[in-house]
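In what follows, a single structure is set out as structure tokens and then discussed.
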Amino acid sequence: MDPSLRWGGVEESGKGHRPPYLIPAVRWRMSAAMSILARPAAPSPRPNALANWLLLVAVLVFAIVVVGGITRLTESGLSITEWKPVRGIVPPLNQAEWLAEFENYKRIPQYAAFNLHMTLEGFKAIYFWEYMHRLLARGIGAVLAGVMIVAWWKRAIPAGYGWRMIGIFALGGLQGAIGWWMVYSGLSVRTEVSHIRLATHLIAALLIFSALVWTVLDLRRLARDPDARPARPTALAVAAVLTLAVQIMLGAFVAGLRAGYAFATWPKMGDEWFPAGGWNVAQGLANLHENPIVVQFVHRWWAWAAAIAALAVARAARKRGAVGPVHAVATLIVVQIALGIATLLTGVDIAVAVAHQAVAVLLLAALLWAGHGLDKPKVS
């Protein structure tokens, strides 16, 4: 027999022998699998491939922010009253398990205050959004961990980016703890989660999102030029991002305090630019984060500061020859302001409000894109 047709070096014969024509194919598959699993002897950076995977993770973070907005607006965030990082992957599978989850929900103040007439079917509806939110969070962690492990094993992480990826993963773990810290605030005394903790949870998510987007842009630049260094954020870009971050934080305050329902008119609040008696003297500066009227007022007008700062970055990027990010920033600012006004005028329609939050994240991405290009020579 031809040696190439031997199985493990021994000729096959007799009853039940393997067809000889299959053995080379098996060997080829085994060889291919081993070549895939083999670790390169030398570093083999693949910045473009790594950028694609991290972009996928950024898209998933965008998705979880959108689902988080739906969760908040549908009052679903307290429907799961326990934190089970592993066992929580499996939802209730039968009537007894659903009833047990419903009984847990009945023990918290939100149920007694607002949902005494809720049916099991109604509970399942709010449970769905919180479950999807937590499932997405687990999925993001799993995908990012998988990307990191495979890229490390294949030695595909460019020099200097390993610690950055570990930092992003660590932020993801911290975000899970912040999420439970937020939910816990609504399980004993309050009928809703703390709006301060809600804002912290959202800003932490956007910090992860920003780190992913900036890293993707750095890796794309490295793929085009192997000698390129990571971009350094300019003072203008940092100022614009922080201004937008304050506006997003105020938006979280508006959502957490239900301040969007205070006045459904624009540009005035009712018949006045600022309603008489809207400022509670006893609260002092706490009005800025505790008083729904003041929070809505500040959110309305800080939007213009965020828009001006973002346009300043877009203008600077245009001077350096950028086109795509400039158009993206300008377009998204117009859309975002229109959605903010529409959210008020529709009495916080869920679809409009969720779109408003989603476009805020897209605007952040566009601003990072434009800001990233500021750290390069001006195109003459």
Side-chain angles (χ1 to χ4, degrees), residues 57-85 88 108-110 126-144 167-213 241-242 244-260 288-290 292 295 299 343 348 350 353-365:
V57 178
V59 170
L60 292 174
V61 174
F62 169 77
I64 200 173
V65 171
V66 173
V67 171
I70 298 173
T71 301
R72 176 66 194 92
L73 290 164
T74 56
E75 303 286 352
S76 303
L78 296 176
S79 56
I80 302 178
T81 59
E82 297 176 300
W83 190 26
K84 301 175 182 177
I108 69 173
Q110 186 183 83
I126 65 171
Y127 186 98
F128 170 80
W129 288 113
E130 177 63 7
Y131 173 75
M132 288 302 298
H133 189 61
R134 298 192 186 194
L135 188 64
L136 262 174
R138 294 180 175 97
I140 290 169
V143 171
L144 183 56
I168 293 171
F169 186 77
L171 281 174
L174 177 62
Q175 173 69 332
I178 292 172
W180 175 245
W181 175 64
M182 177 191 68
V183 170
Y184 188 77
S185 68
L187 297 181
S188 57
V189 178
R190 305 172 63 99
T191 58
E192 72 289 312
V193 301
S194 161
H195 63 286
I196 301 294
R197 299 188 187 188
L198 175 68
T200 304
H201 189 48
L202 177 58
I203 293 299
L206 295 183
L207 178 60
I208 296 168
F209 178 80
S210 299
L212 286 165
V213 170
V241 168
L242 290 177
L244 180 59
V246 170
Q247 176 66 357
I248 292 173
M249 179 188 70
L250 289 167
F253 288 171
V254 169
L257 292 169
R258 300 179 180 84
L288 296 174
H289 58 82
E290 297 289 347
V295 168
H299 186 55
T343 300
V348 193
I350 289 180
V354 170
H356 185 48
Q357 180 162 310
V359 173
V361 183
L362 295 178
L363 177 56
L364 173 62

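Keep in mind it's a predicted model, so treat the numbers as computed, not measured. All heavy atoms count here, side chains included; hydrogens, waters and symmetry mates do not.
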For [X], give me all partners under side-chain contact (heavy atoms from CB on, under 4.5 Å), at least two apart in sequence or on another chain.
{"X": "Val241", "answer": "Leu364, Leu367, Leu368"}
{"X": "Leu288", "answer": "Trp279, Leu285, Val294, Val298"}
{"X": "Ile350", "answer": "Leu73, Thr74, Val354"}
{"X": "Ala63", "answer": "Leu136"}

Just how far is it from atom [atom1] of [X] to atom [atom2] of [Y], taken to the nearest 0.5 Å?
{"X": "Leu257", "Y": "Glu290", "atom1": "CG", "atom2": "CD", "value": "6.5 Å"}
{"X": "Ile140", "Y": "Leu135", "atom1": "CD1", "atom2": "CG", "value": "10.0 Å"}
{"X": "Thr200", "Y": "His195", "atom1": "OG1", "atom2": "NE2", "value": "10.0 Å"}
{"X": "Met132", "Y": "Ile70", "atom1": "CE", "atom2": "CD1", "value": "10.0 Å"}
{"X": "Leu207", "Y": "Leu212", "atom1": "CG", "atom2": "CG", "value": "9.5 Å"}
{"X": "Met249", "Y": "Leu206", "atom1": "CE", "atom2": "CG", "value": "12.5 Å"}

Nearest heavy-atom neighbours spanning [X] and [Y]:
{"X": "Ala205", "Y": "Val61", "answer": "O-CG1, 3.8 Å"}
{"X": "Val183", "Y": "Ile80", "answer": "CG1-O, 4.1 Å"}
{"X": "Ile126", "Y": "Ser76", "answer": "O-CB, 3.0 Å"}
{"X": "Ala259", "Y": "Pro292", "answer": "CB-O, 3.3 Å"}
{"X": "Thr71", "Y": "Trp129", "answer": "OG1-O, 3.4 Å"}
{"X": "Leu202", "Y": "Ala252", "answer": "CD2-CB, 4.0 Å"}

Item checked: Which residues share a salt bridge (Lys or Arg N to Asp or Glu O under 4.0 Å) with Arg258, sequence neighbours left out -> Glu75, Glu192
Check: With Glu130, which residues qualify under salt bridge (Lys or Arg N to Asp or Glu O under 4.0 Å), at least two apart?
Finding: Arg134
Item checked: Under the ring-ring contact (aromatic ring centres under 6.0 Å, His included) test, residues paired with Phe209 that sit two or more places apart -> none
Which residues pass the side-chain hydrogen bond (donor to acceptor under 3.5 Å, both in side chains) test with [X], not counting sequence neighbours?
{"X": "Gln247", "answer": "His299"}
{"X": "His133", "answer": "none"}
{"X": "Thr191", "answer": "none"}
{"X": "His289", "answer": "none"}

Check whether any side-chain N or O of [X] sits under 3.5 Å from a backbone N or O of [Y] as a donor-acceptor pair, and report yes or no.
{"X": "Arg72", "Y": "Gly77", "answer": "no"}
{"X": "Ser194", "Y": "Ser185", "answer": "no"}
{"X": "Gln110", "Y": "Gly186", "answer": "no"}

Item checked: Tyr184 and Val193, any side-chain heavy atoms less than 4.5 Å apart -> no
Please table the atom pairs, donor to acceptor, closer than 3.5 Å between any side-chain atom in residues 173-181 and protein atoms at least two apart or in another chain.
unit_1 : atom_1 : unit_2 : atom_2 : d
Gln175 : OE1    : His201 : ND1    : 3.3
Gln175 : NE2    : His201 : O      : 2.8
Gln175 : NE2    : His201 : ND1    : 3.3

